[in-house]
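Taking it in order: structure first as C-alpha cells, then the write-up.
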Amino acid sequence: MQLATWNVNSLKVRLPQVLTWLAENPVDALCLQETKLEDVNFPQHEIEEAGYRVAFAGQKTYNGVAILSKHEIHDIQVNLPNLDDPQKRLIAATINDVRVVCAYFPNGQSLDSDKYQYKLRWLEALQSWIKAQLATYHSLALLGDYNIAPEDRDVHDPKAWAGQVLVSPPERAAFEQLLGMGMKDAFRAFEQPDKAFTWWDYRMNGFKRNLGLRIDHILLSNSLAERCLQCVIDVAPRRNERPSDHTPVIVTLSDSAR
DNA sequence: ATGGCCAACACAGTTGGA
C-alpha cells in the first residue's frame, strides 16, 4: 500500500499535474493541501474518472484539504473537533485498515504575528486529538504540510532561518511531541541523501539552487511504522511548468497480516 | 538592496504563502 501527500497550491491550477502524477504514481491514497476551492467547485468527476474516490473540505481562496483514494473511504471527519476554527485544514478517513489524516498546518507568518499564536493553538489541539486517535486507531498515518522543519538538516541555511517561523523551538517541540506519542517520521526511518527538501521558494531560483526546506511529512503510528518499506520525496513535479512550490512525499507499506 | 515568485480576488494592487 502506498500513501502520499502533496501541497498543490491551488487544485484549480494543478489538477492536470495531479492527474498526470497519479497515472505515473498510482498510489492507494493521495492527500492534498491548499486546494483553495469551495466544495461546489471541487473537480470530483475528473478525479473519479481517473479511478479515484475523493473526500474533501475546502473554502474560498485559502486552505482546503482532500483525500483521493483507489479504495472505499470510510468515516470521514473534517477539522479538529477540539478547536473552533473556520479554516479547513484537516480531513481524516479510514482507507482499508489505515486511519489517514491529511493536514495543512498553519504557516504562522512570523513569530510576532497573531497567526503564530494561532499556529501554536492549532498545534496544541492537534496534539491532544492525535493522542486520543492513536488510542483508537492502531494504524494511523498523519500526512501533510506541517509547516515545520524538524531539524537543522531539514533547512538549506539554518543560520539564515534561525529565529524564524517554521524552525522556532515551540514548533519543533510540537513535532517532537507527536513523535513522543509513538509516531515515526517515515522519511528518517531510512538512509536519505543530504539536503533533501519538499519545498523551495519560487523566488531566487530556489529549486535550481536547492534552497529548500523539508516541511511536508508522513508520521506513522508504531504498528504502521513496522510495515514501512520506503519513504521518498518525488522532486519531479517541481520541474513541471507552473509547478507547485511543494513536491510529493510517498510512503510504501507492506500488506497487513490477515 | 530584507525583494525577487505565485495564486486569488478582481480587474490594481493587496494579501498570504514559507
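The sequence lines fix the lettering, A, B, ..., with proteins before strands; numbering per chain opens at 1.
- Rounded to whole Å, the P atom of B:dA7 lies 25 Å from the corresponding atom of B:dT2.
- When the P atom is used for both B:dG13 and B:dA18, the distance is 26 Å, rounded to whole Å.
- Side chain of A:Asp39 to backbone of A:Gly58: a donor-acceptor contact under 3.5 angstrom is found.
- When heavy atoms are screened at a 4.0 angstrom cut-off, A:Tyr104 is found touching the sugar-phosphate backbone but no base atom.
- An OP1 or OP2 oxygen of B:dA8 is reached within less than 4.0 angstrom by a side-chain nitrogen or oxygen of A:Ser10.
- Taking the side chain of A:Val13 as heavy atoms from C-beta on, and the options B:dA18, B:dA8, B:dG17, the nearest nucleotide is B:dA8.
- Taking the C1' atom of each, B:dT15 and B:dA10 are spaced 13 Å apart, rounded to whole Å.
- For the pairing with A:Lys119, the side chain to side chain contact (heavy atoms under 4.5 Å, CB included) check across A:Leu111, A:Leu166, A:Asn107, A:Asp114 returns one residue only, A:Leu166.
- In this model, the phosphate group of B:dG17 is not approached by any side-chain N or O of A:Arg203 to a distance below 4.0 Å at OP1 or OP2.
- Rounded to a whole Å, the OH atom of A:Tyr116 is 19 Å from the P atom of B:dG16.
- The CD atom of A:Gln17 sits 13 Å away from the P atom of B:dC6 (whole-angstrom rounding).
- Here the C1' atom of nucleotide B:dG17 and the CH2 atom of A:Trp199 are 9 Å apart, to the nearest Å.
- At whole-Å resolution of the value, CD in A:Gln87 and C1' in B:dT15 are 14 Å apart.
- At a threshold of 4.0 Å, the pair A:Asp245-A:Arg203 does not count as salt-bridged, since none of the basic side-chain nitrogens sits closer than that to a carboxylate oxygen.
- Take the nearest nucleotide of DNA chain B for A:Arg242 and for A:Trp161: the residue whose nucleotide is more 5' is A:Arg242.
- Rounding to whole angstrom units, NZ of residue A:Lys88 and C1' of B:dG16 are separated by 19 Å.
- With P as the reference atom, B:dA1 and B:dT14 are 24 Å apart, rounded to whole Å.
- A donor atom on one side chain and an acceptor atom on the other are not found under 3.5 Å apart for A:His156 and A:Trp200.
- Rounded to an integer number of Å, the gap from CG of A:Asn107 to P of B:dC6 is 18 Å.
- Side-chain N or O atoms of A:Asp28 include one that pairs as donor or acceptor with a backbone N or O of A:Gln2 at under 3.5 Å.
- Set against B:dA8, B:dC9, B:dG16, the side chain of A:Lys60 has B:dC9 as its closest nucleotide.
- Computed from coordinates, the A:Lys119 NZ to B:dA18 P distance equals 9 Å when rounded to whole Å.
- Counting to the nearest Å, the C1' atom of B:dT2 and the CD atom of A:Gln109 are 15 Å from each other.
- Contacts of A:Asn7 with the nucleic acid, taken as non-hydrogen atoms under 4.0 Å apart, involve only primed sugar atoms and P, OP1 or OP2.
- Within 4.0 Å (heavy atoms only), A:Gln164 reaches no atom of the nucleic acid at all.
- For the OP1/OP2 pair of B:dG16 and a distance below 4.0 Å, the side-chain nitrogens and oxygens of A:Lys115 include at least one atom meeting the criterion.
- The shortest distance between the side-chain N/O atoms of A:His246 and the OP1/OP2 oxygens of B:dG17 is not below 4.0 Å.
- Note on A:Asp145: only backbone sugar-phosphate atoms sit closer than 4.0 angstrom, heavy atoms only; bases stay farther off.
- At the phosphate of B:dC6, neither OP1 nor OP2 sits under 4.0 Å from any side-chain N or O atom of A:Asn9.
- Using modelled atom types, one finds a donor on one side chain and an acceptor on the other under 3.5 Å when comparing A:Thr94 with A:Arg99.
- Across B:dA7, B:dG17, B:dC9, the shortest atom-to-atom separation from the side chain of A:Thr61 is found for B:dC9.
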